[in-house]
*Asks:* 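Following this message is one structure expressed as structure tokens.
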Number of protein chains: 2
Amino acid sequence: MDNHLSSVKNSCRLLKLFLDSEKEMGVSELSRQLQLSKGAVHKLLMTLESEGFIKQNPANKQYALGYTLLELGNKVIKNHNLADFTKPFLQRLAETTQELVCLCIRDQLDAIYVEKIDSLHPIRFNVEAYRRFPLYATSAARAILAFQDEAFIGNVLQEKIRTFTPYSLKEPEEVMERLKRIREQGYEISSNMRNVGVTGIAAPIYDADGTVNASISLIGPTDRVNPSLDTFIQLVVETTRDISFQLGYRNK
Amino acid sequence: MDNHLSSVKNSCRLLKLFLDSEKEMGVSELSRQLQLSKGAVHKLLMTLESEGFIKQNPANKQYALGYTLLELGNKVIKNHNLADFTKPFLQRLAETTQELVCLCIRDQLDAIYVEKIDSLHPIRFNVEAYRRFPLYATSAARAILAFQDEAFIGNVLQEKIRTFTPYSLKEPEEVMERLKRIREQGYEISSNMRNVGVTGIAAPIYDADGTVNASISLIGPTDRVNPSLDTFIQLVVETTRDISFQLGYRNK
DNA sequence: TTTTTCGTTCACTATACATGAACGATGTTT
DNA sequence: AAACATCGTTCATGTATAGTGAACGAAAAA
């Protein structure tokens with residue numbers, strides 16, 4: 001808060017408000033949520049609109065996100081060569097297992113699915129790509145979190161833990177225990193924690209220097225995943241091992 | 001420039017610089033391009049980074065776009081229901097023609113492809129989605145531009161015209177003439193103007209109130225498009241007519 | 001080694017920003 | 001229809017803040 005540009009910070013916060021809103025928003029609503037005067041919000045919007053970051057609907061004077069953000073977001077993926085690089089591996093894994101396969105990365109204190117191959121089963125589970133979620137929440141995320149240093153894990157777990165189902169992990173200690181098991185066995189498997197009836201299998205991707213900032217996970221209905229559990233685990237682990245090797249990681 | 005927030009404007013300009021850069025950028029380079037002091041740029045970057053809009057590579061201290069922009073960009077598509085709505089129409093058109101089919105929209109003074117179905121031919125042409133380009137540059141864009149009011153068209157054509165091939169339109173008068181023909185025949189067809197050896201066929205989508213802000217285009221190698229030209233034109237025009245009708249547009 | 005260029009920090013002053021009230025327009029309630 | 005509420009937008013004002021430019025150590029280039 002100290003050496004930050006307040007109006008820039010406000011504009012960032014304003015833009016992010018649209019992430020959790022399904023509709024357009026007006027000056028008054030934004031000013032309430034940001035706790036800023038209407039005049040200030042209006043000026044923010046005018047500036048952002050002139051740069052294409054915001055778009056006003058002439059019909060109802062309400063505001064929405066602008067297409068320049070689409071350009072910028074697309075550029076982020078392009079810059080992220082890990083997604084390109086791992087795509088063939090994901091495709092092969094998806095083909096042999098016929099289940100949803102995702103590439104998950106860490107960004108700051110959050111996890112994001114940046115690539116996925118959908119299952120072709122008529123009954124299939126889906127995840128939301130490009131949207132942040134907590135690093136303790138899914139198997140893919142925990143497969144990354146497990147290999148961060150202690151201080152970082154402490155940081156993540158000190159915020160109030162969000163639960164998604166009655167089976168979600170609730171206490172930091174539960175998560176810590178799970179992370180320990182992930183480190184021991186090299187992969188994570190969990191059911192019902194993010195969505196009931198859904199099982200995920202995930203394993204970490206190592207960089208050349210041995211750090212973990214990404215993982216691959218296989219996600220599907222528990223009924224269908226369980227019968228092939230051992231094969232699926234092996235396939236996921238092998239895939240991440242291959243990728244890590246290609247990235248220059250050499251397990252002693 | 002008057003009632004705009006300068007630091008917000010600077011931050012927007014800074015972010016956009018990354019669109020035309022293939023690599024990460026440092027404080028000095030950004031400060032040169034923005035004509036701002038290094039100190040100011042550094043403070044901008046610190047603020048943007050704290051909000052996830054920018055990411056610093058610890059290895060070389062260079063900066064790149066952050067994943068929050070990925071979230072925001074994705075939200076823009078979700079909000080844009082025209083893309084969802086037209087997708088089935090696009091898919092049908094792509095299936096019958098086996099060529100690249102795109103949905104193009106207008107945003108301010110630019111055009112953007114917001115949806116596309118790739119051709120399955122081994123030899124196929126591709127376009128860059130989610131990236132702005134001038135409204136006079138492609139058949140899809142001109143199919144939109146032709147139906148804007150005169151003042152707007154004048155605005156677009158008064159900026160220096162960018163050419164992409166030796167066959168691109170160079171003079172405002174040439175464009176105007178072409179737009180007239182589009183209005184007369186209801187569709188646009190052009191070859192070699194954006195890419196040599198490529199032909200595009202495009203027709204406008206009308207809103208319920210009769211305004212045009214989107215178009216559909218079929219794009220492919222001239223050798224393959226020409227033999228079926230008349231059928232393709234008819235199919236494109238019919239598709240846009242169907243969509244316009246569904247949107248509530250009633251041609252007298 | 002020397003020299004340049006880098007990212008980062010800091011004190012300082014002009015100025016640009018957030019405020020809060022007032023405006024007309026729009027839409028809701030009585 | 002009339003009264004009311006709420007909307008987006010505008011504006012003058014005083015203060016907090018943004019941009020400057022020099023100085024720093026670190027890292028690369030010569």
Side-chain angles (χ1 to χ4, degrees), chain A residues 1-18 20-66 79 107-108 208-209, chain B residues 1-18 20-66 79 107-108 208-209:
Chain A
M1 321 292 216
D2 202 5
N3 56 345
H4 285 342
L5 303 178
S6 64
S7 63
V8 173
K9 197 153 196 115
N10 285 339
S11 67
C12 291
R13 288 174 53 222
L14 186 153
L15 291 172
K16 287 196 211 170
L17 285 182
F18 286 94
D20 294 315
S21 162
E22 289 312 312
K23 47 181 196 352
E24 302 167 328
M25 288 194 278
V27 173
S28 301
E29 183 170 0
L30 291 167
S31 104
R32 256 179 269 117
Q33 293 205 45
L34 289 172
Q35 310 227 57
L36 246 71
S37 71
K38 282 204 293 177
V41 170
H42 184 254
K43 225 186 305 185
L44 271 173
L45 287 165
M46 295 291 291
T47 311
L48 290 169
E49 187 181 20
S50 78
E51 296 290 334
F53 284 60
I54 280 285
K55 215 172 119 65
Q56 186 179 40
N57 182 345
N60 59 6
K61 306 277 193 179
Q62 300 255 89
Y63 295 89
L65 298 175
N79 290 348
D107 182 50
Q108 314 289 8
D209 59 3
Chain B
M1 326 292 207
D2 204 5
N3 57 345
H4 284 342
L5 303 179
S6 65
S7 63
V8 173
K9 196 150 196 119
N10 285 338
S11 66
C12 290
R13 289 174 53 222
L14 186 152
L15 291 172
K16 286 196 209 170
L17 285 181
F18 286 94
D20 294 314
S21 162
E22 289 312 312
K23 46 179 199 352
E24 301 167 327
M25 288 193 278
V27 172
S28 301
E29 183 170 0
L30 291 167
S31 105
R32 255 179 270 119
Q33 294 205 46
L34 289 172
Q35 310 228 58
L36 246 72
S37 70
K38 284 203 293 177
V41 170
H42 185 253
K43 227 189 298 188
L44 271 173
L45 288 165
M46 295 292 291
T47 311
L48 290 169
E49 187 181 21
S50 78
E51 296 290 336
F53 283 59
I54 281 286
K55 216 172 118 65
Q56 187 180 40
N57 182 345
N60 58 7
K61 306 278 193 179
Q62 300 257 86
Y63 294 89
L65 297 174
N79 290 348
D107 183 50
Q108 313 289 9
D209 58 3

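Values below: every heavy atom of this structure, side chains too, minus hydrogens, waters and symmetry copies. Worth saying up front: this structure is predicted, and the values here are computed from it rather than measured. Every chain is numbered from 1, with letters handed out A, B, ... down the list of sequences.
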*Asks:* Please report the distance, rounded to the nearest Å, between CE in A:Met46 and P in D:dG8.
*Replies:*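 To the nearest whole Å, that distance equals 14 Å.
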
*Asks:* Rounded to the nearest Å, what distance is computed from the CG atom of residue B:Leu14 to the P atom of nucleotide D:dA18?
*Replies:*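 It works out to 15 Å between those atoms.
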
*Asks:* Just do the side chain to side chain contact (heavy atoms under 4.5 Å, CB included) check on B:Leu5 and A:Val8 with the steps written out, would you?
*Replies:* CA-CA 9 Å; B:Leu5 303 179; A:Val8 173; over 6 Å; no

*Asks:* How many whole angstroms separate atom CG of B:Leu44 from atom C1' of D:dT20?
*Replies:*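 Going from B:Leu44 (CG) to D:dT20 (C1'), I get 13 Å.
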
*Asks:* I need the A:Arg13 CZ to A:Leu34 CG distance, nearest 0.5 Å.
*Replies:*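 Here the interatomic distance stands at 5.0 Å.
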
*Asks:* Examine distances only and state if a side-chain atom of B:Ser31 and a backbone atom of B:Ser28 form a donor-acceptor pair shorter than 3.5 Å.
*Replies:*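 A pair under 3.5 Å: yes.
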
*Asks:* Report, one pair per line, the protein and nucleotides 11-17 of chain C atoms (nitrogen or oxygen only) whose separation is under 3.5 Å.
*Replies:*
from	atom 1	to	atom 2	distance (Å)
C:dC17	OP1	B:Ser6	N	2.6
C:dC17	OP1	B:Ser6	OG	2.9
C:dC17	OP1	B:Ser7	N	3.4
C:dC17	OP2	B:His4	O	3.4

*Asks:* Residues of residues 51-65 of chain B with any non-hydrogen atom less than 4.0 angstrom from an atom of DNA chain D: list those, numerically ordered, please.
*Replies:*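 When residues 51-65 of chain B is checked for heavy atoms under 4.0 Å from DNA chain D, there are no hits whatsoever.
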
*Asks:* Check the pair A:Leu48, A:Tyr63 against side chain to side chain contact (heavy atoms under 4.5 Å, CB included), reporting the backbone distance first and the verdict last.
*Replies:* CA-CA 11 Å; A:Leu48 290 169; A:Tyr63 295 89; over 6 Å; no

*Asks:* Supply the atom-to-atom distance B:Leu36 CG to B:Asn10 CG, rounded to the nearest 0.5 angstrom.
*Replies:*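 Those atoms lie 4.5 Å apart.
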
*Asks:* NE2 of B:His42 versus C1' of D:dC24: gap in Å, rounded?
*Replies:*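 Nearest whole value for this atom pair: 13 Å.
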
*Asks:* Supply the atom-to-atom distance A:Leu14 CG to A:Gln33 CD, rounded to the nearest 0.5 angstrom.
*Replies:*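 Between A:Leu14 CG and A:Gln33 CD, I get 9.5 Å after rounding to 0.5 Å.
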
*Asks:* Does B:Glu29 have any salt bridge (Lys or Arg N to Asp or Glu O under 4.0 Å) partners at least two apart in sequence or in another chain, and if so, which?
*Replies:*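 Expected list: B:Lys23.
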
*Asks:* Return the 5'-most residue of the pair B:Lys38, A:Lys38 with respect to DNA chain D, ranking by each residue's nearest nucleotide.
*Replies:*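 By nearest-heavy-atom nucleotide position, the 5'-most residue is A:Lys38.
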
*Asks:* Within residues 25-37 of chain B, which residues have any heavy atom lying less than 4.0 Å from an atom of DNA chain D?
*Replies:*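 Result for residues 25-37 of chain B: B:Leu36, B:Ser37, sorted by number.
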
*Asks:* Begin with the C-alpha distance, continue with both residues' side-chain angles, and end with the deciding distance and a verdict on side chain to side chain contact (heavy atoms under 4.5 Å, CB included) for A:Val41 and A:Leu45.
*Replies:* CA-CA 6 Å; A:Val41 170; A:Leu45 287 165; 3.8 Å; yes

*Asks:* Looking at residues at least two apart in the chain, or sitting in another chain, which of them share a salt bridge (Lys or Arg N to Asp or Glu O under 4.0 Å) with B:Lys16?
*Replies:*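 Counting only residues at least two positions away or on another chain, B:Lys16 forms a salt bridge (Lys or Arg N to Asp or Glu O under 4.0 Å) with A:Glu51.
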
*Asks:* About how many Å separate CG of B:Leu15 and CD1 of B:Ile54, when rounded to the nearest 0.5 Å?
*Replies:*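 One gets 5.0 Å once the value is rounded to the nearest 0.5 Å.
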
*Asks:* With sequence neighbours excluded, tell me which residues meet side-chain contact (heavy atoms from CB on, under 4.5 Å) with B:Asp107.
*Replies:*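 By the side-chain contact (heavy atoms from CB on, under 4.5 Å) rule, B:Asp107 matches A:Lys55, A:Tyr67, B:Ile112, B:Arg132.
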
